[in-house]
Every structure is written in C-alpha cells, then in structure tokens.
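Both ligands and their constituent atoms are indexed starting at 1 by order of listing.
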Amino acid sequence: MSRLLLASVFASRVLGHGHIRNVVVNGVSYQGWDINSFPYMEDPPLVGSWGTINTGGGFPVNGYSDPDIICHIDAMNGEGSIPVAAGDSISLQWTVWPETHHGPVLDYLANCGSSCQTVDKTTLEFFKISEVGLIDDSTVPGYWGTDELIENDSAWLVQIPEDIAPGNYVLRHELIALHGAHTEGEAQNYMQCINLQISGSGSAQPEGVLGTELYTATDPGILVDIYNPLTYTIPGPSLIAGATPVAQATSAITATGTAIVPGVTSA
Ligand SMILES: *[C@@H]1O[C@H](CO)[C@@H](O)[C@H](O)[C@H]1NC(C)=O
Ligand SMILES: [Cu+2]
C-alpha cells in the first residue's frame, strides 16, 4: 500500500494514544517517527525510530507470536540511528498517554549485528534493561509505570548499561495497558523501536529472546485483573545483570540532533 493510502486508512485510529515524539540524549533532541505527518510526506526526515502503520491502536491483534509484536504493526526498519554512549541516560518523550491505560513500562535492547537499517526484525534477540510495573498498590488500580510517565510530563528515562559492548542496537520501548487485561487477549501492548549506535569500551553481550517469544497471552503479567488487589509480576525475561532500575535525570534540551547512518560494520 502507498504511504498516502496507509495514512487515510489508519489516520482515524491514531487519535487517543501516544507515540514517542522525540528522544533526548545529553541535551540533544532527536525527532521520533510521527505517524500523523510522516506517512503524508514524500521525503520524511531521517530518524532512528522504526516506522509503523499504527502506533495508535490496541495490540496484539493476532497474538504474541505474530512478528508485529516486535516493533508494532508492519514495522519498517529505522533509516537512521541515534548515537549514544554506554552509560548514557536517554529520555523518551511521549505525546499524551491516556490516564486510564495503567500498566508496566519495559525497555529492551537487541544487537543488530552489522546494521539496524537492514536487519530482519524476526532475528533480533531482546534483553531487558529496564522495567517498572506496579509501583504502589495501596489503592486500586494502583500507581503504575504508565502513571509515572504521565506524572513526569510524558518523559521516560532509560539508562544504557555501562558495560554493554559497543555496536548497533534496537531499543524496544513498550507500554502495556492493562485496563482490559482481565479478559484473555485484551492487554494492549504499545511498543516502539529506535535504532541506537552505542559507543564505549564494554564487553557485555547479554543473551536475549526473540520478540515473538517475549510473552504469552496467559502470562501472569498479561492476563491480570488490576481492579482487584494484586501482587504484580512484570512479564518478559528477567532484567540483565547490570541493568539500572532508575535512570539518572538527563539535562534539558539544548540542541537538536540529526540521526546518522552508521557505516556497515562486521557483526
Ligand atoms: C521521574 O522523575 C523523577 C524525578 O525527576 C526521576 O527521578 C525519575 O527517574 C523519573 N522516572 C522516569 C522513569 O523517567
Ligand atoms: Cu486505548
């Protein structure tokens, strides 16, 4: 389908849910992929974010083994990458997230090998670098990662592990809305992928799992009734060693950056 056709088919479904507007690294702001404008452009800006025809609707439509769970529906590899150093905290700045959509916030990395621009997403192996679930259960439905995102002016900090081996990585950032999750198949995952070129002198190469194997529909963190008191188990693989649960605040935006296209390196 042409971009224009996609835009007309899906524009009506994107209202009401958010997406990552921009990514801030050391005060430099990089534009995200904007479903409301990029599909209409002949020559959209070079960004690190992966495009998708839908960052708006509830997901998954076809279950957790569908490759659309990896970087959202019909995801297209990001054409650029954002340069970061191992240990940097990056700020993912969302548009408005709906208050009713309580749930965890999860961040994964996967090594792309030689190029995130051309990698086959179904081969990416994701390891978890950050997770925030039910923060305070003293009320029902509780105070969740998504509520912290809203309270923090729609900004989410995530720290790139200090000891990670340098290279090309996909950051997979995900919010899971659990308001309907007491019914199987009604949890809603909202994931977005962003290419990073990570520099540094670390050597850690954590093992990951395929995106299509991250979750099942009956995981206790996916099929769950948040309107009754609960102890919440965040879904997906365990955090890697060396992950930082709480990132350090980043500096204010002082400049605008442009994504780069990394030279192809040996894997
Ligand atoms: C939310 O803001 C607080 C206070 O600035 C900060 O310490 C915390 O790391 C932020 N949380 C996230 C996930 O960005
Ligand atoms: Cu919704």
request  = With heavy atoms under 4.0 Å as the rule, classify the contact between Asn152 and ligand 1 as side chain, backbone, both or neither.
outcome  = side chain
task = Among residues two or more places apart or on two chains, list those pairs meeting salt bridge (Lys or Arg N to Asp or Glu O under 4.0 Å) that have a residue in residues 158-183.
result = Arg172-Glu174
ask   = Looking at Trp156, which atoms of ligand 1 are within less than 4.0 Å of one of its heavy atoms?
value = 13 (C), 14 (O)
inquiry  = Just checking: His179, one of its N/O/S atoms, less than 2.8 Å away from the Cu ion (ligand 2), yes or no?
reply    = no
key: Approximate separation, where rounding is to 0.5 Å, of Ile160 CD1 and Asp107 CG   = 8.5 Å
inquiry  = Ignoring hydrogens, what is the shortest heavy-atom contact between Asp68 and Asp66? Give both atom names and the distance.
reply    = N-OD1, 2.7 Å
inquiry  = Just to be sure I read this right, does ligand 1 sit under 4.0 Å from the backbone of Glu151, its side chain, both, or neither, counting only heavy atoms?
reply    = neither
ask   = Taking atom OG1 of Thr212 and atom OH of Tyr64, what is their separation to the nearest 0.5 Å?
value = 13.5 Å
